[in-house]
Amino acid sequence: MSGNPKAGMKLCISCGMPMEKPEDYPSGDRSKDYCVHCARPDGSLQSYEERAAGMAAFIVRTQGLDEEAALSTAKAMMSRLPAWKGRT
Amino acid sequence: MSDQSKTTARNRESQKLETRRRIIDAAIRVFSRDGILASATAEVAKEAGLSHGSVFAHFGTQESLISAVIEDFGESLARRLHELVASGAGTREVLGAHLRAIGEREDFYASLVVEAPLLPAGARDSLVAIQSSICFHLSPAVAAETRARKIRPMPLYLLFNTWIGLVHHYLANRALFAPGASVVERRGEELLDHFMYLISKGGRG
């Protein structure tokens, strides 16, 4: 078992999602380091607060966590990712 | 900095990462065998073929080693799941891939499920992160099959938590459900059949 990504597989710097297909990137732009889900409609990276709120909403919808608990978990998850390292 | 000292610094950094990797891989083996909290860092050092001091140089406390190992494990499980799920996969395929990814790491995952409430908060966050990566694939599959009236409409979190409750119960009690064997291998298909039956409209999925 290895934590190293498969050769050529890029991980989104903002949420950690593996990005393989053109549709994983904002407007299919493979030069971006973040995925389509972390981008604003204009293709720029969402702010820390926007991303945390989006991730928390996903956790509430899919796992049913309490909203506050989901937000603090989302921020803890984000603090490990390159785009948000050290933020809380 | 001269070119030579830059190269030396780079080598030192890559050696550091390599040792860190070696410690994490050793810890995964030891934790899978002996449980997470019951494992001594000295045992991890022995498994990695390193001195106890070297493990502490990389991970100052047992807690930081445990958090790093669980985080690494969560990432590798999420990545494997992503590899196993074909794009456009249905609900049954996604859940089947979930079981397969767990099955490949069953000893460690079962320890994580059993010990999670006692582990550092970071471990709990890692479990939520693992579940999020499954839900990422599950969500569109369930939505499409609900629209096609194959799955009964229900909140996604209840559907997902019912699945997790079932799978985690079998993993936590695997000594009863599959003594000395892989519970995923032995009972996984039955659980999958039953779950699809529960959520499907009009009979077996």
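All heavy atoms count here, side chains included; hydrogens, waters and symmetry mates do not. Protein chains get the first letters and strands the later ones, always in sequence-line order, with residue 1 at the start of each.
Only the side chain of B:Asn161 comes within contact range of chain A, with heavy atoms under 4.5 Å apart. Interface residue B:Ser126: backbone and side-chain heavy atoms are both found under 4.5 Å from chain A. Contact of A:Met55 with chain B is not made at all, since no heavy-atom distance falls under 4.5 Å. For B:Ser132, the parts lying under 4.5 angstrom from a heavy atom of chain A are both the backbone and the side chain.
A donor and an acceptor atom, one from each side chain of A:Ser27 and A:Asp29, are nowhere located under 3.5 Å apart.
In terms of heavy-atom pairs under 4.5 Å with chain B, the best-connected choice from A:Gly16, A:Pro18, A:Ala74, A:Ala70 is A:Pro18.
A cation-pi arrangement, defined by a distance under 6.0 Å to the six-membered ring centre and an angle within 45 degrees of its axis, is present between A:Arg87 and A:Tyr48.
No more than 12 heavy atoms of other residues, nucleotides or ligands sit less than 6.0 Å from atom CD of B:Glu185. Under a cut-off of 6.0 angstrom, the local environment of NZ in A:Lys21 is crowded, with over 12 non-hydrogen atoms contributed by other residues, nucleotides or ligands. Atom CD of A:Glu67 is surrounded by 12 or fewer heavy atoms from other residues, nucleotides or ligands within 6.0 Å.
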